[in-house]
Amino acid sequence: MNDTLLRIALLLIDTIVPISLGYILHKKGIVTQEGTKKVFTFNVRVVFTVLAVISFWSLHIGLAIFWVPVIALVITFLPYFIMMAATKKNPDPRERGALVTAGMLGNTGTLGGLVCYLLLGPAAFAYVQIVAVIQNVLLITFNFPVAQKFHDMAVAGEGKAPMKKRSFSELFFTWNQVALIGMIVGAGLSLAHVPQPEWLQMVFKPLVHLGAWIAFLPVGLLLDFDAARREMSKTLWLMPLKFILMPLVVWALCALLITNPVMAATLIIVSSCPTAINSVLTCALYGLKTNIAVSSFMTSTTVFALVMCPIYFFLFR
């Protein structure tokens, strides 16, 4: 089996298989919602943290690729501000929080990485990982606190408790953000030029696959096709944001700032990645409307595979 087929096979094994298994477990009532949340929590607090230490430790931190993180911030925050404005009149904080999360988070590291590698080669895959690292940092340091605030608004609106004013430390230093410590530790070891033991790299690859299974399996546990179909009308309008506006904005920025064609093409593809699994994870962790995130994940992934991928294969091959 050649390398491309192997990567496609691994992608399917790490996505379709755990989602299908989770759906079967859900239908048979073997796993409860509480069990699903425990799986999510283990992934965020344990697997994310270990992977953060190893990946940041092996990262060569420098200024040579300055524009990649800059545009990665645009790819992440522009949808956030658009979604916050677009959902301003939505009276349901749980629904609004899910829509903001689904619009902001893209499936960069998995689908984006594979498509960029197949079209543009190893250098593109490396650029994708830089974007993915930044988005993982923002998931923990920014998106989790945003989701927490929407959760608090919902609880207050339901009369279960008054709206709680949380301090900076309560929002940014919780057990769900423990992976941030792993990122800091790994970056510190990298900057200090501490050699990384070879056995850690041997641990890293299995953990990546384990993390994918833990991330995708609960999607199957939470998958409700009827509910997702009911929510589809609320998520369809995310498609122009993800697949028209964002690629056009990033294309314009790349035309102005970047001369490397591989880097530019990579960032354009990444800007249009479909809704991330992490949006489902975040909604489950903070009690937002998970079906919104699942619907956006299913719809946007289908559009990305059937429409955007052929366009990119034509433009960038």
Side-chain angles (χ1 to χ4, degrees), residues 37 40-59 61 63 65-84 93 96-110 112 127-153 164-191 207-208 211 214-215 246 267 270-271 273 275-288 293:
K37 187 171 182 178
F40 274 135
T41 303
F42 175 79
N43 205 29
V44 169
R45 297 181 182 180
V46 179
V47 179
F48 274 21
T49 303
V50 176
L51 287 174
V53 173
I54 300 174
S55 60
F56 270 72
W57 192 351
S58 60
L59 191 66
I61 300 172
L63 300 176
I65 45 178
F66 173 77
W67 290 118
V68 175
V70 169
I71 294 181
L73 293 175
V74 174
I75 290 171
T76 306
F77 280 110
L78 181 57
Y80 165 75
F81 288 116
I82 291 173
M83 291 304 300
M84 286 293 288
R96 188 184 179 202
L99 286 168
V100 171
T101 300
M104 180 180 177
L105 300 178
N107 199 341
T108 303
T110 306
Y127 296 139
V128 172
Q129 300 318 301
I130 295 171
V131 177
V133 165
I134 291 170
Q135 290 188 334
N136 285 337
V137 172
L138 292 174
L139 170 71
I140 295 168
T141 60
F142 184 80
N143 198 259
F144 280 3
V146 168
Q148 180 69 69
K149 293 206 74 171
F150 278 117
H151 170 80
D152 290 347
M153 290 167 61
K164 182 179 180 180
K165 285 191 174 182
R166 295 180 182 268
S167 66
F168 179 86
S169 61
E170 285 181 303
L171 283 173
F172 287 91
F173 299 103
T174 72
W175 282 110
N176 288 339
Q177 280 108 331
V178 69
L180 180 60
I181 298 174
M183 296 174 186
I184 295 169
V185 170
L189 291 168
S190 175
L191 289 170
L207 274 179
V208 169
I214 294 176
M246 290 307 301
L267 291 170
V270 166
S271 71
C273 281
T275 296
I277 291 297
N278 284 340
S279 67
V280 181
L281 181 153
T282 303
C283 290
L285 278 177
Y286 291 97
L288 306 180

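Under the side-chain contact (heavy atoms from CB on, under 4.5 Å) rule, His151 has a single partner from Lys149, Met153, Gln148, which is Gln148.
Looking only at side-chain heavy atoms (C-beta outward), Thr275 and Asn107 stay at 4.5 Å or farther from each other. Contact of the Thr76 side chain with the Phe142 side chain is not registered, since no non-hydrogen atoms from C-beta on lie closer than 4.5 Å.
To the nearest 0.5 Å, atom CE of residue Met84 and atom CZ of residue Phe77 are 12.0 Å apart. The structure places CG of Asn143 at 4.5 Å from CG of Leu105, a figure rounded to the nearest 0.5 Å. Ile71 contributes atom CD1, which lies 12.5 Å from atom CG of Leu78 (distance to the nearest 0.5 angstrom). Rounded to the nearest 0.5 Å, atoms CG (Leu285) and CG (Asn278) are 9.5 Å apart. To the nearest 0.5 Å, the span separating CZ on Phe150 from CG on Leu99 amounts to 9.5 Å. Taking OG1 from Thr282 and CG from Leu139, the interatomic distance works out to 4.5 Å, rounded to the nearest 0.5 Å.
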Tyr80 vs Val146, test: side chain to side chain contact (heavy atoms under 4.5 Å, CB included). Steps then yes/no. CA-CA 10 Å; Tyr80 165 75; Val146 168; 4.3 Å; yes

Pair Tyr286-Phe144, side chain to side chain contact (heavy atoms under 4.5 Å, CB included): steps then yes or no: CA-CA 8 Å; Tyr286 291 97; Phe144 280 3; 3.5 Å; yes

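Considering every non-hydrogen atom in both Ala98 and Leu288, the closest pair reads N-CD1, 4.0 Å. Heavy-atom minimum distance, Met246 versus Ile75: CE-CA, 3.7 Å.
The backbone N or O of Ala276 lies less than 3.5 Å from a partner atom in the side chain of Ser279, making a donor-acceptor pair.
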